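The basis for the numbers below is simple: all heavy atoms, side chains too, and nothing from hydrogens, waters or symmetry mates. No experiment lies behind these values; they were computed from the predicted model shown.
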Amino acid sequence: MKKFISALAAAAIAAAALIPRGLAAECAAEPQYEYTIINNEATITGFKGEPVYIEIPETIEGCRVVELRDNAFYECSTLRHIDLPDTLGKIGHHCFYACSALEEISVPDSVTDIGMGCFCGCAELSSATVPDTLTALPESCFRSCTSLAAFTVPESVQRIGAFCFSGCTSLKNVSLGSSVKGVGDCSFYMCTSLKGVYVPPSVSDIGICAFGYVPSDDGAQVAEDFVLLGDGGSAARAYAKENHITFTDASDTVHAFAIQRISGERVPVSIPSVTLIGGGALLAVGLIFVKRKYRIGSKAKINKNRRK
């Protein structure tokens, strides 16, 4: 009888050990990650097994965790949630590439550098926040995050890289800070849910197919219902003219009302930040990669029906 009770108690303890706290309850085993320690600083270099929930600690073996290495969680298709520590300073390129089950990400304020393609292909990512310690969003950062519907770009960001939000087909609302100076090639290409975008006067460099383009049989074309908003003498107006896109003068206080005219609904707007509004559409596949830029005073012309 004593042996039976002892065995029963041991089984109960073992079962309790299998129930982690909070979101970790979804995991069948403890999260596993690989790391290195150099000069008393820890760097996460990879993962083991099939983790669902990972909590990166502030310290490992008494050393501060300061970096997630390039490709650290590359194609970790089981990962749904990850908590990042406030000690983190850098997230390497393609760190979370094709983490197709990742649902949300909150980058801590300590991070000052995010590598290209960091969250590219995170198809289930519906919530993403980045800190105002960043000065740029790199190339393909959120490319093909097809569940991402809203995003706020911090006031500190001055440039949005090429293809940064390309293929974000659910994207409806984006707020861009008034410090943005450049928007790279195809940054919002194939964002088929967008109906309009306000571009602030701070922007002087707009890449080709940055706004309002969707795939076509010939490569790319301007979306029929797309409207670009901006100030009268801005780079936005020049881009709209050169690309045969409908333009609305929506400077300063009339910005919010112009957005409402396009969307048909009331949307909270922070002036002079940029807000993109949209409806629904299906994902299409296409790629445009050219090097011409649009700047204030540029005389370059583009034929929107040009074959690629």
Evaluate Leu79 against Phe47 for side-chain contact (heavy atoms from CB on, under 4.5 Å), listing each step before the verdict. CA-CA 10 Å; Leu79 183 64; Phe47 67 95; over 6 Å; no
Within 6.0 Å of CD in Glu34, more than 12 heavy atoms from elsewhere: yes
I'd like to check Ile91 versus Val107 (side-chain heavy atoms, cut-off strictly below 4.5 Å). Are they in contact? yes
When you compare the side chain of Val197 with that of Phe226, does any pair of heavy atoms fall below 4.5 Å? yes
Verify same cluster id: Ile60, Leu68 (apolar side-chain graph, 4.5 Å): yes
Between Gln32 and Gly49, which heavy-atom pair has the shortest distance, and what is it? OE1-N, 4.1 Å
About how many Å separate CD1 of Ile208 and OH of Tyr189, when rounded to the nearest 0.5 Å? 11.5 Å
Using atom types as modelled and distance alone, determine if a side-chain donor or acceptor of Thr146 lies under 3.5 Å from a backbone N or O of Thr169. no
Validation row: Cys141, Cys120 side chains within 4.5 angstrom (heavy atoms): no
Keeping Ser187 on the side-chain end and Gly161 on the backbone end, is there a donor-acceptor pair under 3.5 Å? yes
Any side-chain heavy-atom pair of Val183 and Arg159 under 4.5 Å: no
Start with the C-alpha gap between His81 and Glu103, add the side-chain angles, then the distance that decides, and say whether side-chain contact (heavy atoms from CB on, under 4.5 Å) holds. CA-CA 6 Å; His81 304 276; Glu103 298 174 356; 3.2 Å; yes
Please step through side-chain contact (heavy atoms from CB on, under 4.5 Å) for the pair Tyr198 and Val227, ending with a clear verdict. CA-CA 9 Å; Tyr198 173 81; Val227 178; over 6 Å; no
Output yes when a side-chain donor or acceptor of Thr248 lies under 3.5 Å from a complementary backbone atom of Ala250, and no otherwise. no
Is it the case that one hydrophobic cluster holds both Val130 and Met116, taking links as side-chain heavy atoms less than 4.5 Å apart, direct or via other members? no
Does any non-hydrogen side-chain atom of Asn40 lie less than 4.5 Å from one of Cys63? yes
Per ring pair (Phe, Tyr, Trp, His ring centres under 6.0 Å), Phe142 is matched among Phe188, Phe96, Phe151, Phe163 by Phe151
Check step by step if side-chain contact (heavy atoms from CB on, under 4.5 Å) holds for Val214 and Met190. CA-CA 5 Å; Val214 295; Met190 204 165 58; 5.8 Å; no
Using modelled atom types and a 3.5 Å cut-off, is there a donor and acceptor pairing between side-chain atoms of Ser179 and backbone atoms of Val157? no
For the residue pair Ser234 and Pro201, establish whether any side-chain heavy-atom pair is separated by less than 4.5 Å. no
Smallest separation among heavy atoms of Pro131 and Pro108, with atom names: CG-O, 3.3 Å
Measure the spacing between CG of Leu137 and SG of Cys118 and express it to the nearest 0.5 Å. 10.5 Å
Do the side-chain N and O atoms of Thr135 and Ser156 include a donor-acceptor pair separated by under 3.5 angstrom? no
Any chance you could measure Glu139, atom CD, to Ser166, atom OG, to the nearest 0.5 Å? 10.5 Å
Looking at Ile56, Thr59, Val65, which hits side-chain contact (heavy atoms from CB on, under 4.5 Å) with Thr87? Val65
Spatial distance of atom CG (Leu148) from atom NZ (Lys172) [nearest 0.5 Å]: 12.0 Å
Is the ring centre of Tyr74 less than 6.0 Å from the ring centre of Tyr97? yes
Hey, could you give me the CZ/OH distance between Arg80 and Tyr53, rounded to the nearest 0.5 Å? 12.5 Å
Strictly below 4.0 Å, N to O, side chains only: are Arg237 and Asp249 in salt-bridge contact? no
For the pair Glu155 and Ser178, evaluate side chain to side chain donor-acceptor pair (under 3.5 Å) and give the outcome as yes or no after the intermediate values. CA-CA 6 Å; Glu155 287 291 327; Ser178 58; 3.0 Å; yes
Minimum-distance pair of heavy atoms, taken over all atoms of Leu228 and Ala236: CD2-O, 3.2 Å
Please confirm whether the backbone N or O of Gly121 pairs with a side-chain atom of Ser144, one donor and one acceptor, at under 3.5 Å? no
Any link between Val222 and Leu171 through a network of hydrophobic side chains (Ile, Leu, Val, Met, Phe, Trp, Tyr) touching at under 4.5 Å? yes
Test your reading of the model: is there a side-chain donor-acceptor pair from Ser110 to the backbone of Leu88, 3.5 Å cut-off? yes
Can you label the angle between the Phe211 ring and the Tyr239 ring as parallel, tilted or perpendicular, going by 30° and 60°? perpendicular
Between Ile114 and Pro138, is any pair of side-chain heavy atoms under 4.5 Å apart? yes
Nearest atoms (heavy-atom pairs only) where Gly184 meets Ala210: O-CB, 3.6 Å
Approximate separation, where rounding is to 0.5 Å, of Cys95 SG and Asp70 CG: 8.0 Å
Give a yes or no on whether Val174 and Leu134 share a hydrophobic cluster (residues Ile, Leu, Val, Met, Phe, Trp, Tyr; joining criterion: side-chain heavy atoms under 4.5 Å apart). yes
So if you build clusters from Ile, Leu, Val, Met, Phe, Trp, Tyr with side-chain heavy-atom gaps below 4.5 Å, do Val153 and Val111 land together? yes
4.5 Å side-chain heavy-atom contact, Phe73 and Ile54: yes
